[in-house]
Structure formats: structure tokens, C-alpha cells
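Quick note: numbers below take in every heavy atom, side chains included, and nothing from hydrogens, waters or symmetry partners. In each ligand, atom 1 is the first atom listed, and ligand 1 is the first ligand listed.
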Amino acid sequence: MYDVIIIGAGVAGCASARELSRYKVNACVLEREEDVCCGTSKANSAIVHAGYDAAEGSLMAKLNVEGNQMMPELSKELDFPFKQCGSFVVCLDEEALPDLQALYERGVKNGVRDLEVITDKARIHEMEPNLTDEAEGVLYAPTAGIVCPFNLNIALAENAYTNGIDFKFDTEVKNIRKTEGGWALETSQGLYETRYVVNAAGLYADVFHNMVSETKIHITPRRGDYCLLDKSAGNHVSRTIFALPGNTAKACWCPPRFTAI
Ligand SMILES: Cc1cc2nc3c(=O)[nH]c(=O)nc-3n(C[C@H](O)[C@H](O)[C@H](O)COP(=O)(O)OP(=O)(O)OC[C@H]3O[C@@H](n4cnc5c(N)ncnc54)[C@H](O)[C@@H]3O)c2cc1C
């Protein structure tokens, strides 16, 4: 009988495991794939967001800002690459500058440090010379960064394992039942019993939630396409560049220049 079973070895499950490993807790992570970081955590944009985007007063805003502030120290503790490169939200339309300002104000209310709206075109060009001249203003967030998603996920899992948390791979949780002392989890590898369950099953978290809760939820996943540029384009900009969300979608930076060999 475990004290805690965590379903899912993505970044959320492994971060939970690592946190629990600080305590005298008999805990285990059950993962249906053959390794950690096989779900959404392996295929994201690698951005450690500053925290101006999340709705003001929401738990997401609070955790986003706190998580961002934890990342420099965490990357040193667990030895994974993290670069606090900062980010720009680029506004190409003068009429949309109030939207940029609104994003700034939300960020300040969320507790994001050192945010700045820059409308001085010379300064924008100096900071990002390859940004389009059509940029009317940018929201500069120096606390934003990028992280290697694999190394982050693996580092959390390795630290949790070293500190005594069990990991069972190729183990799919099929059903959860309430028992007298906690929960019984029926899996592809037999029955597991635990006092508590952490549901970190990512896009499938609603399945387990709905097995035990009267309030039903539904997760609607979305798919998209990413264009991955060659490493030779890596220095084209030095910050993460976002377009200000709006009706007009235009390119924010000039196409990279390639040198013919
Ligand atoms: C295109 C894209 C870009 C993104 N960019 C960013 C970004 O730049 N910055 C950012 O912070 N976030 C970003 N995100 C969001 C981020 O990737 C996710 O929020 C995060 O990875 C979710 O982690 P998780 O651990 O909850 O889920 P997952 O990584 O999906 O982990 C869930 C795990 O549960 C396992 N599992 C599921 N069902 C079962 C079962 N029945 N039994 C056992 N195991 C099970 C899965 O195999 C999986 O390993 C992005 C997401 C997408 C899709």
C-alpha cells in the first residue's frame, strides 16, 4: 500500500514526485509509456512564460509568476539548461497599442517584475535588429526564458527517484475505485493500492477525474503545426518573439539571410 500514487510521468507528475520526495512518503509514479516525458511535455515551445498572459487573480497567474521566479534556482539545483533570454510581444498596428498596454497592466497586477512597454523604434531596433520596422511597440518581459523540456522533466524524475520515489513504466491505469483506506487502481500490470492519488495524466486527466467526482469535466485537446528552423537561424533574434494577439497576422521579423557557400 502506497501513501501516494501519481498517475503520469510528464512534467507535472515528476514535479509532484520530486516535491513529495522531500518528505517521508511512500510514493510511486505510474506511467503507461516506456519512459518519462512521452506526453505533451515532450512537444512544447519550451517557454518559461513571464506571467502577464494569465487572467488576473487566477491560480494560473499566481503559479505562473511563482514558477518563473523558481526556475533560475531550480535549473542550478537540478543541472538542466535554462536561459532567461526575455521576450517581446510585438505590436504592428498603432491602433492596437492600447491592447499592448492592457497586457502590461495585467502583468503588473499579476506580479511580473521589470515589465516594460517600449515604443522607441530606435531602441527596439537596437535590441532586436532583425525585427520588422513595422513594429510600433513591444511589451518587453526580461524574466521570460527558455528551458529544455526533456532535461527539465528528466531532471525532476531522476531527483525524485534518487530520493526514493518508485517509477513503474508500461503501466496503464485503467480504473480507480474507492476503498476503505483510500483508492484501488486497476492497471495493465495488476492492482495498486494507495491512500492518495495525484492525477497528473495530462490530456487524460478528465477520465480519472470523472471516475471519482460527481462534477464532470471535459478536456478538449487542440492540435497545431510548428515550423522548426535550422540551428543556423538560432541567432536571428535573441529573445522569444510573440505577435500581439489580434485580427491581423503579419510576420514580426524579417526572413533570415542565408549565406551562400
Ligand atoms: C504545442 C504546445 C506548446 C506548448 N508550449 C508551452 C510553453 O512554451 N511553455 C509552457 O509552459 N507550456 C507549454 N505548453 C503546455 C505544456 O506542454 C503542458 O502544460 C505540460 O507539458 C503538461 O504536462 P503534464 O505533465 O500535465 O502532461 P503530459 O506531459 O501529457 O503527461 C501526462 C502523462 O500521463 C500519462 N498517462 C495518461 N494516461 C495514463 C494512464 N491511463 N495511465 C498511466 N499514465 C497515463 C501520459 O502517458 C503522459 O506521460 C505547450 C503545449 C503544447 C501542446
Interfacing atoms of ligand 1 (cut-off 4.0 Å, heavy-atom, G39): 29 (O), 30 (O), 49 (O)
Find the distance between OG (S213) and CG (D206) and round it off to the nearest 0.5 Å. 11.5 Å
Considering the options I165, D166, L185, V4, which one meets the side chain to side chain contact (heavy atoms under 4.5 Å, CB included) requirement together with C28? D166
Min over F169, Y226, F208 of heavy-atom distance to atom 1 (C) of ligand 1 lands on Y226
Identify, for atom 44 (N) of ligand 1, the protein heavy atom at the shortest distance, and state residue, atom and that distance. R32 N, 3.2 Å
Which word best sums up how the rings of Y2 and Y192 line up, parallel for under 30°, tilted for 30 to 60°, or perpendicular for over 60°? parallel
Could you check atom 37 (C) of ligand 1 against the protein and tell me its nearest heavy-atom contact, residue, atom and distance included? A201 O, 3.6 Å
For T171, state whether at least one heavy atom is located under 4.0 Å from any atom of ligand 1. yes
Under 3.5 Å, is there a donor on one side chain and an acceptor on the other for H49 and N64? no
For ligand 1, which part of V207 has a heavy atom less than 4.0 Å away: the side chain, the backbone, both, or neither? neither
Answer yes if a protein heavy atom lies under 4.0 Å from atom 15 (C) of ligand 1, otherwise answer no. no
Closest protein heavy atom to atom 27 (O) of ligand 1, given as residue, atom name and distance to 0.1 Å: G202 CA, 3.4 Å
Show me which atoms of ligand 1 lie under 4.0 Å from any heavy atom of E33. 47 (O)
Rounded at 0.5 Å granularity, tell me how far CD in Q101 sits from CZ in R106. 13.0 Å
Are any of the side-chain heavy atoms of T187 and L191 separated by less than 4.5 Å? no
Same cluster or not: F167 versus I6, using hydrophobic residues (I, L, V, M, F, W, Y) connected whenever any side-chain heavy atoms lie under 4.5 Å apart? yes
Could you tell me, atom by atom, which parts of ligand 1 come under 4.0 Å of a heavy atom of I47? 7 (C), 8 (O), 9 (N), 10 (C), 11 (O)
May I ask you to check whether E172 has an N/O atom sitting below 3.5 Å from an N/O atom of ligand 1? no
Return a yes/no value for V11: is any of its N or O atoms, backbone included, closer than 3.5 angstrom to an N or O of ligand 1? yes
Is the shortest heavy-atom distance from the side chain of I176 to the side chain of I7 under 4.5 Å? yes
Could you state the interatomic distance from OG1 (T194) to CE (M1), rounded to the nearest 0.5 Å? 6.5 Å
Under 4.0 Å from any heavy atom of G10, which atoms of ligand 1 are there? 25 (O), 29 (O), 31 (O)
Where ligand 1 meets A12 - atom numbers and elements under 4.0 angstrom, heavy-atom basis: 24 (P), 25 (O), 26 (O)
A46 contact mode with ligand 1 (heavy-atom cut-off under 4.0 Å): backbone
Could you tell me the residue and atom name of the protein heavy atom closest to atom 22 (C) of ligand 1, and the distance to it rounded to 0.1 Å? S41 OG, 4.0 Å
Can E128 and R239 be counted as an ion pair, charged N to O under 4.0 angstrom? yes
What is the nearest protein non-hydrogen atom to atom 42 (N) of ligand 1, stated with its residue, atom name and distance? V173 N, 3.0 Å
Please classify the H49 to ligand 1 contact at 4.0 Å (heavy-atom distances, strictly less than): side chain, backbone, both or neither. side chain
Taking the side chain as everything from C-beta on, heavy atoms only, tell me whether M127 gets closer than 4.5 Å to F88. yes
Could E66 and K62 be called an ion pair, given the rule that one side-chain N must be under 4.0 Å from one carboxylate O? yes
Identity and distance of the protein heavy atom lying nearest atom 4 (C) of ligand 1: N44 CB, 3.2 Å
So, is the end of the R32 side chain (NZ or CZ) under 6.0 Å from the ring centre of F169 and within 45° of the ring's axis? no
Can you tell whether the side chains of E126 and K121 come within less than 4.0 Å, N to carboxylate O? no
Under the rule for side chain to side chain donor-acceptor pair (under 3.5 Å), what residues qualify as partners of T119, not counting sequence neighbours? none
Hey, which atoms in ligand 1 end up nearer than 4.0 Å to a heavy atom of G8? 33 (C), 34 (O), 35 (C)
Would you mind listing which atoms of ligand 1 come within a distance below 4.0 Å of any non-hydrogen atom of L30? 43 (C), 44 (N)
Protein heavy-atom partner closest to atom 28 (P) of ligand 1 - residue, atom, separation in Å: T40 N, 3.7 Å
At under 4.0 Å between heavy atoms, what of A200 touches ligand 1? The answer is backbone
Tell me which one of K168, E31, K174, R222 gets a heavy atom nearest to atom 46 (C) of ligand 1. E31
When only distance counts, is A43 in polar contact with ligand 1, meaning an N/O pair under 3.5 Å? no
